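Remarks on the structure that follows.
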Amino acid sequence: MSPQRIAIRGNLLDFTAEPAWGDTESGAVRFRPDHWLLIDAGRIVAVQADAPDAGWPREDHAGRLLLPGFIDTHVHSPQLDVIGSYGTALLDWLETFTFPAERRYADADVAEQGAAVFLDALLARGTTAAVVFPTVHKVSADRLFGAAQARGMRLVAGKVLMDRHAPDGLRDDVAQAERDCLDLIARWHGTDRLAYAVTVRFAPTSTPEQLAMAGALCRDDPTLYMQTHVAENRDEVRWVGELFPQARSYLDVYAAAGLLHRRSVLAHGIWLDDADRAALRDAGAQIAHSPSSNLFLGSGLFDWRAAEAAGAAVSLACDVGGGTDLSMTATMRDAYKVQALAGQRLTAWKALYAATRGAAVALELDHEIGSFEPGRLADVCVWDWASEPVGARRMAVARSLHEKLFAWITLADRSNLVSTRVAGVERYRRPVTGVP
Ligand code: GUN
Ligand code: ZN
């Protein structure tokens with residue numbers, strides 16, 4: 001018997017398809033109260049109402065909520081150190097707080113310790129898969145991949161490319177960057193649950209020559225991901241217009257360099273137009289919507305409905321340290337607030353789907369993560385509906401499943417999280433004495 005064989009009892013919630021906008025009674029929601037999730041050798045092998053036979057070790061979480069591990073599609077590992085930095089919008093924030101903090105990651109020990117703290121913090125908030133920016137330094141990506149491998153996590157990451165408009169100690173050059181990327185790809189892309197993303201910080205910090213090199217890497221290996229930022233802030237968009245006068249739009253800078261494809265993850269996308277959204281759809285690329293960051297930096301309100309209407313995929317991301325919280329429930333409630341400010345309402349189902357199966361589909365990883373389908377790796381979280389009396393009262397009066405899940409998203413934080421499993425192995429357990 002595999003040591004990872006285990007049957008977990010609880011209220012299972014996942015999705016069979018994408019819920020429609022505004023539909024609070026979506027048929028895409030699969031809620032299976034009081035069921036057993038059977039895990040063998042790290043994979044989900046069955047979901048059943050009946051208790052398994054005596055050969056199965058059991059964990060009884062009856063009454064608790066079981067969700068697939070959350071997928072965060074855009075977060076910066078070294079930016080734990082700049083969360084909650086006061087008083088600036090994007091470009092000043094980068095210069096004043098973020099670039100100085102990222103310089104420290106040239107040091108292998110700093111990079112290694114930072115990666116461990118970062119990934120453990122994700123696991124302690126129910127995030128089991130992530131698309132991550134380390135820094136420009138090769139060692140920062142190498143240590144991040146190593147730490148993810150040690151935890152069995154699904155991680156997409158890559159050394160940040162920046163060969164201009166960044167301070168000393170944070171710039172590479174085209175030739176060295178290409179060598180570093182190729183080394184890291186050879187070492188990590190396709191190793192265990194890790195994948196490499198060609199990581200262009202954003203158009204202003206790469207020369208056209210570096211963008212062309214990045215595009216060539218993507219063309220040479222279509223299994224690589226690409227991650228970057230796009231159209232986050234109006235001053236940034238203006239600057240890109242000055243730097244790339246021949247481009248039709250900010251997004252077009254990436255498209256022209258061969259950086260827009262099915263495995264492209266573009267953070268923000270607030271200041272896009274219809275042609276951009278159509279280009280995203282045609283390429284099969286996704287927007288990593290980062291509501292906490294957009295509110296904190298005052299960047300703007302993402303038009304989720306327009307992206308959806310155009311057929312462009314949208315996933316959810318915390319974007320720490322522009323974002324203020326690594327938690328995906330915090331990200332979901334900020335997403336609701338952003339849509340409310342824009343005159344729209346985001347259902348709990350849209351939010352949960354975007355952070356689970358929706359992100360998995362957009363990343364072409366739905367065969368591995370995002371749902372409780374048999375055959376998927378068992379990235380599974382057990383949550384309490386409430387961790388204190390206010391939540392308990394609210395849960396007690398909820399009349400429908402949507403009302404309950406929506407209030408849960410609004411109130412749940414990491415103290416609600418009981419257990420996080422990655423490929424069947426428990427990697428976080430809430431301490432009996434309370435959250436550390
Ligand atoms: N644009 C370029 N770099 C960054 C970053 O680190 N954070 C955010 N939010 N936007 C960026
Ligand atoms: Zn970012």
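Small disclaimer: the values here were computed from a predicted structure and weren't measured. Each residue takes its place number in the sequence, starting with 1. Just follow the structure's listing: the first ligand is 1, and inside any ligand the first atom is 1.
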Exercise. Could you list which atoms of ligand 1 come closer than 4.0 Å to a heavy atom of His268?
Key: 9 (N)
Quiz item: Got a donor-acceptor contact below 3.5 angstrom from the Asp319 side chain to the Gly322 backbone?
Solution: no
Quiz item: Given that the side chain starts at C-beta and the backbone is N, CA, C, O, which of these parts of Leu94 lies under 4.0 Å from ligand 1, counting heavy atoms, or is it both or neither?
Solution: side chain
Quiz item: Any donor-acceptor pair under 3.5 Å linking the side chain of Tyr225 with the backbone of Leu363?
Solution: yes
Quiz item: Taking the six-membered ring for Trp, are His165 and Phe202 ring centroids under 6.0 Å apart?
Solution: no
Quiz item: Where on Glu236 is there a heavy atom closer than 4.0 Å to ligand 1, on the side chain, on the backbone, on both, or on neither?
Solution: neither
Quiz item: Between Gln79 and ligand 1, does any nitrogen or oxygen pair lie at a separation below 3.5 Å?
Solution: yes
Self-check item: Pairs touching residues 80-92 that satisfy side-chain hydrogen bond (donor to acceptor under 3.5 Å, both in side chains), sequence neighbours left out
Solution: Asp81-Arg104
Self-check item: Whether Asn294 side chain and Ser290 backbone form a donor-acceptor pair below 3.5 Å
Solution: yes
Quiz prompt | Mode of Trp93 contact toward ligand 1 - side chain, backbone, both, neither (heavy atoms, under 4.0 Å) | solution = side chain
Quiz item: Where the Zn ion (ligand 2) is the centre, what is the OD1-to-NE2 angle for Asp319 and His229, rounded to 10°?
Solution: 170°
Practice problem: Give the residue, atom name and distance (to 0.1 Å) of the protein heavy atom nearest atom 10 (N) of ligand 1. | Solution: Glu232 OE1, 2.7 Å
Quiz item: Name the one of His189, Glu364, Arg263 that satisfies side-chain hydrogen bond (donor to acceptor under 3.5 Å, both in side chains) with Thr223?
Solution: His189
Quiz item: Who's the nearest protein heavy-atom neighbour of atom 3 (N) of ligand 1, and how far?
Solution: Arg201 NE, 2.8 Å
Practice problem: With heavy atoms of Asp319 as the reference, note each atom of ligand 1 found under 4.0 Å away. | Solution: 8 (C), 9 (N)
Quiz item: Do any of the N/O/S atoms of His74, backbone or side chain, fall under 2.8 Å from the Zn ion (ligand 2)?
Solution: yes
Self-check item: Centroid separation His289 to Phe302 less than 6.0 Å
Solution: yes
